[in-house]
Amino acid sequence: MKKIKLNDGTPIYCLKEHEAIVLDEHIKGYLGYDVKIKKGDTIVDIGANIGVLGIRLSTYFNDINIHAFEPIPDIYTVLEKNAKFSSNKNFKTYMMGVSNKNTELIFTYYPNSPALSTAQPELWEDDQNNFISAVQGNIHNAPKSFWWAKFIPNFITPLIAKYLTANSKKIKSPVITLSTFIKNEKINKINLLKIDCEGEEINVLTGIKNEHWLLIKSIIMEVNDINNNMEKAKSILKKQGFNTIKVEKEKGFEKTKLTNIYASKD
């Protein structure tokens, strides 16, 4: 773990400096949607990684309520550190994942690229073209501070992809449904639900009971569009009263199956 500064000088703890800066750009993209967040709101961050979203929102609102989930112990340690560092007493962290049932899952942890860690490694292993395109997207859309990335030739990308997934580890971690969490913690509103959990996104949605959908006002989620996941997600959201649904691919990721969904009930 090391302490760095993001592009605007904001300090943060991380495992990989480049990845932290890329994650920050990713979060800025999320917050670029018409997300209406105000003082005292409640945010649930599923797939929080090192807590960039929590750090950003705690800077804007020091009394905002953040519930951040991260199942990988090495990553969670950094998330917990950042939550304490934020000085937001309402920034709470949980070393577990969220899915469609209360159980344990085997996660694959990639030490060379922690953000890729997933309970569904076949997403990357079975579709190498999608993974290589995602790596190229990260390279081509690298922050300005990594100006040198534009000089990396495309034929090197498969080697980079192989390095990123090398030395992987299998880790067992608990997962719960969002409805279980809402009930246990007596949550009475979720102003923003952010889901970025590398393949478990549909399971997160199907693990929410009808009565708890009423508490959720807006959602930002990343969908890996395999097995018709995009249409599945949109169908669930429409059924649950989200009448504004925006679908967008981030710059540099047009050739991948990774797509962002922003949905609200406004």
Side-chain angles (χ1 to χ4, degrees), residues 1 3-4 6 10-16 19-31 33 35 37 41-61 64-99 105 107-111 113-120 171 173-178 180-182 184-185 187 190-201 203-205 207-208 216 218-224 258 260-262:
M1 185 191 307
K3 188 177 180 181
I4 66 162
L6 298 172
T10 300
I12 193 169
Y13 288 91
C14 68
L15 292 170
K16 301 284 184 179
E19 191 170 78
I21 293 173
V22 170
L23 285 170
D24 187 42
E25 293 298 313
H26 194 50
I27 294 301
K28 287 178 182 176
Y30 280 168
L31 297 179
Y33 293 102
V35 181
I37 299 174
D41 277 357
T42 297
I43 315 299
V44 173
D45 187 356
I46 298 174
N49 202 276
I50 61 173
V52 176
L53 178 63
I55 285 286
R56 285 298 182 196
L57 293 181
S58 294
T59 299
Y60 305 146
F61 311 94
I64 201 164
N65 302 294
I66 300 170
H67 300 279
F69 293 83
E70 175 52 53
I72 307 297
D74 285 3
I75 305 174
Y76 176 80
T77 299
V78 184
L79 169 64
E80 187 179 38
K81 181 77 170 180
N82 281 325
K84 293 177 180 177
F85 181 64
S86 74
S87 298
N88 177 2
K89 67 182 187 304
N90 297 321
F91 188 165
K92 299 179 181 179
T93 64
Y94 309 86
M95 194 170 72
M96 62 179 66
V98 179
S99 190
L105 291 179
F107 289 83
T108 300
Y109 171 52
Y110 300 105
S113 186
L116 292 176
S117 301
T118 176
Q120 299 187 30
I171 295 171
S173 179
V175 295
I176 62 170
T177 67
L178 186 57
T180 297
F181 173 74
I182 289 171
N184 290 347
E185 299 298 320
I187 304 295
I190 298 175
N191 300 91
L192 174 64
L193 170 61
K194 173 250 180 181
I195 307 170
D196 188 351
C197 50
E198 306 301 335
E200 279 294 302
E201 56 271 11
N203 286 339
V204 171
L205 297 182
I208 303 173
I216 304 170
S218 62
I219 294 176
I220 296 176
M221 61 187 294
E222 181 184 82
V223 175
N224 198 328
L258 299 173
N260 293 339
I261 295 179
Y262 167 69

Legend entry - Qualifying residues under side chain to side chain donor-acceptor pair (under 3.5 Å), relative to D45, sequence neighbours excluded: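 With neighbours one apart ignored, the set is K194.
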With a 4.5 Å cut-off on side-chain heavy atoms, are [Y] and [X] touching?
X    : Y    : answer
N90  : F61  : no
I187 : H67  : yes
I208 : I216 : yes
E200 : V175 : no
H26  : D196 : yes
V35  : Y262 : yes
I21  : L6   : yes

Legend entry - Parallel, tilted or perpendicular: rings of F69 and Y94 (30°, 60°):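 Aromatic pair Y94/F69 classed parallel.
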Legend entry - Interatomic spacing from CD1 in I190 to CG in D41 - rounded to 0.5 Å: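 Those atoms lie 11.5 Å apart.
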Legend entry - Expected output: side-chain N191 to main-chain T42 donor-acceptor under 3.5 Å: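 Pair found, side chain donor or acceptor close to backbone of T42.
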Inset, instruction - Give a yes or no on whether K28 atom NZ has more than 12 heavy-atom contacts from other residues, nucleotides or ligands under 6.0 Å away. - result: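 Above 12, so yes.
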Inset, instruction - Would you check, one step at a time, whether the test side chain to side chain donor-acceptor pair (under 3.5 Å) holds for T93 with E80? - result: CA-CA 6 Å; T93 64; E80 187 179 38; 4.9 Å; no
